[in-house]
Amino acid sequence: METKTNYQQLVRELNYHFNLYHVQDAPVISDAEYDKLYNELKRIESAHPDWVTPDSPSQRAGPKAADRFDKVRHPAPILSLANAFGAEDARAWLERVTKIDDRVEKAKFIVEPKIDGLSVVLHYRDGVFVQGATRGDGDVGEDITGNLRTVRAIPLRIPVQMSKVESQKSATFDLRPPTYLVVRGEAYIPIKDFEELNRKLEEAGEKTYMNPRNSAAGSLRQLDPKLTASRPITLLVYQIIHAEGGTVPTSQWEILQYLKSLGFPVTDVARRFDDLESAIAYTETWDKKRDDLPYEADGMVIKIDDLTLAAELGFVGKDPRGAIAFKFPAREVTTTLLGIDVEVGRTGVLTPKAVLEAVEINGVIVKNATLHNFDYISEKDIRVGDRVLVKRAGEVIPYVIGPVVDARAGKEKTYQPPSVCPACGQAVEHFEGEVAWYCVNAACPAQLVRNVEHFVSRGAMDIVGMGTKIVEKLIEAGKVRDVADIFTLTREDILESVTKKDRKTEKEPPGKLADNLLAAIAESAKKPLNRLIAALGIHGVGEVSAADLAGHFGNLDALSTASPDDLQQIEGIGPNIAEGIVDWFGREANQKILKKLKAAGVWPTFNVERSTLNVSLAGQTFVITGTLPTWSRDDAKEFIESNGGKVTDSVSKKTSYLVLGENPGSKLEKAKSLGVKIIGEEELRNLVA
Ligand code: IVH
């Protein structure tokens with residue numbers, strides 16, 4: 001017989017597994033088992049609709065859109081934070097508060113990530129999630145309960161009366177959980193999910209979001225819970241705003257553990273320190289590693305651990321004195337878009353480049369930024385003269401995120417892509433299904449410059465001293481019409497093309513530059529086959545596949561007659577690269593180049609310089625999890641890739657190694673269950689040494 005008690009038991013069981021899966025990342029039953037329980041729940045609920053409780057997992061997908069948000073008065077002010085821009089500011093903060101209360105001298109400090117999301121306030125009565133609100137003005141927020149209910153990381157029920165087992169498990173909290181509890185957290189969309197969401201929106205022809213913060217706020221502050229449910233929103237909880245009918249810890253460190261024990265998602269990056277200097281040092285390590293965080297963080301929050309002391313310090317306006325936001329240097333700034341330049345790439349692709357009013361981002365002066373392609377400009381409605389938001393993060397080239405529409409004065413001009421190539425004047429072309437516009441003129445000087453630049457670059461034929469300026473001069477003077485001409489240049493050719501200004505120093509004798517260049521060219525003519533193949537600039541052929549091709553074919557004659565099938569015999573050469581190779585050798589202009597190279601004696605038959613090519617991890621796939629002792633994730637990725645290995649996001653049977661750091665995610669379990677080899681940072685280094 002089904003009874004209401006059985007049903008309630010089932011709700012609890014499902015909520016327990018739901019939390020293990022979505023919050024702790026450590027499920028104990030399979031998805032299929034969960035589905036079975038859930039179907040049973042749905043069956044009972046349709047037979048007994050009056051039994052349905054608000055914490056049932058079936059109540060997550062909000063039923064209908066509202067037409068407005070109700071107002072919610074917060075039980076206590078939802079405070080903000082004062083900022084510190086660097087260690088000096090943080091020290092000054094401590095000095096100020098120590099003057100107010102000398103107990104601060106002995107204070108401990110908690111450092112937590114400052115997530116750039118949307119502050120939310122969650123109410124639990126008798127353990128059931130009953131209301132959720134935005135911060136609003138700090139006193140009154142908007143009721144977004146229906147939307148928040150769909151966020152899987154938010155528990156719909158938390159324990160009020162702990163069972164024996166539960167209270168044993170959390171022996172540290174010998175506290176009676178409050179019957180009315182209000183907690184605060186930061187709702188956000190992880191960076192990866194944000195990128196994926198924007199991709200999907202773009203595909204569907206919808207407006208994309210500027211950044212993860214906007215997308216989280218936009219997804220929660222709209223009236224249809226179904227839309228919220230479809231968005232990858234999650235959250236981390238860090239504060240108790242109000243508690244009645246029970247007791248809660250009085251230190252921030254314990255609050256975090258306590259919230260975790262109640263089933264809330266809590267950061268695992270937080271640490272406790274005995275003095276401010278150690279807290280600052282930890283904060284600064286995250287400044288360098290911020291790209292390793294799965295969410296956008298604009299700093300770290302340093303909090304006095306003793307919450308009674310912190311509260312007694314009071315606040316200034318809306319900023320409590322007991323905590324400070326230690327901001328990371330900004331990565332997004334606004335500046336004016338002065339114009340749009342068009343560059344012609346090696347393959348003839350035209351790319352728009354933003355010319356910006358110079359602006360400093362993170363210590364670097366930025367004057368140019370990527371605009372991706374012409375469609376991007378029109379989709380984002382970026383106009384010349386606009387104030388634009390520009391981002392520069394890590395190794396990424398700065399790019400224009402979008403216009404600040406509210407800052408328009410009316411004089412901004414819509415941009416028209418060029419109809420002719422800016423370098424040679426020939427009409428540009430567009431290929432079906434591709435975004436890019438091309439200059440298809442094989443003799444276009446701009447393309448030739450890029451081609452030659454690539455040919456002489458360090459990873460290719462490595463002609464020392466042949467920089468862009470000299471390449472341009474030689475092409476302008478008509479001495480270099482294709483890459484093969486480099487090897488028949490004479491001393492006179494160089495002297496005629498290169499002027500006094502182009503020399504390194506005015507004092508350098510005119511012939512010296514020419515002699516050095518000729519020597520470098522002669523040196524490069526002896527480079528092995530893999531270098532020459534990489535230098536040709538065949539679409540999709542980089543240093544690693546060039547080495548594979550050289551090793552397999554042994555000379556250019558054999559490679560130039562290979563069929564797509566022959567090529568695909570080689571591991572790592574897929575149909576697209578194979579097609580690119582066949583296409584390259586099929587072009588008449590390229591055959592002419594090959595003939596000239598052969599005639600000039602640049603026809604290496606010795607294969608690969610294994611010693612300088614880092615391919616020791618070739619064919620191996622790596623997954624990285626957790627925080628590594630000395631490397632950031634990007635460091636590790638770069639190390640693996642520069643040694644020929646591949647890095648992927650998820651563990652599968654094909655994974656060769658899991659690189660394990662501190663606080664690993666669920667990938668560790670998966671790797672163990674699949675028998676994937678598990679190594680640390682040190683062992684990773686040893687793989688190459
Ligand atoms: S503490 C007294 N902790 O940053 C408590 N805030 O610039 C004051 N935020 O409005 C807030 N992560 O929305 C705190 N770990 C964290 C946070 C955090 C993000 C947000 C919060 C606040 C804003 C202040």
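Below, each value reflects all heavy atoms present in this structure, side chains not excepted, and no hydrogens, waters or symmetry copies. Both ligands and their constituent atoms are indexed starting at 1 by order of listing.
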Participant: As a test of reading the model: which residues have a non-hydrogen atom less than 4.0 Å away from ligand 1?
Facilitator: Leu79, Ser80, Leu81, Glu112, Pro113, Lys114, Ile115, Ser119, Arg184, Glu186, Tyr238, Gln239, Val301, Lys303, Pro320
Participant: For Asp89 and Asn83, indicate whether the former's side chain and the latter's backbone hold a donor-acceptor pair under 3.5 Å.
Facilitator: no
Participant: Looking at Tyr180, I'd like to know if the NZ or CZ of Arg125 sits under 6.0 Å from its six-membered ring centre while staying within 45 degrees of the ring's axis.
Facilitator: yes
Participant: Looking at residues at least two apart in the chain, or sitting in another chain, which of them share a side chain to side chain contact (heavy atoms under 4.5 Å, CB included) with Arg152?
Facilitator: Phe18, His22
Participant: Hey, do the aromatic rings of Tyr282 and Phe326 have their centres closer than 6.0 Å?
Facilitator: no
Participant: How would you list, by chain and number, every residue that makes a side chain to side chain contact (heavy atoms under 4.5 Å, CB included) with Glu88, sequence neighbours excluded?
Facilitator: Arg91
Participant: Applying salt bridge (Lys or Arg N to Asp or Glu O under 4.0 Å), name anything that partners Arg221, two or more places apart in sequence or on another chain.
Facilitator: Glu142
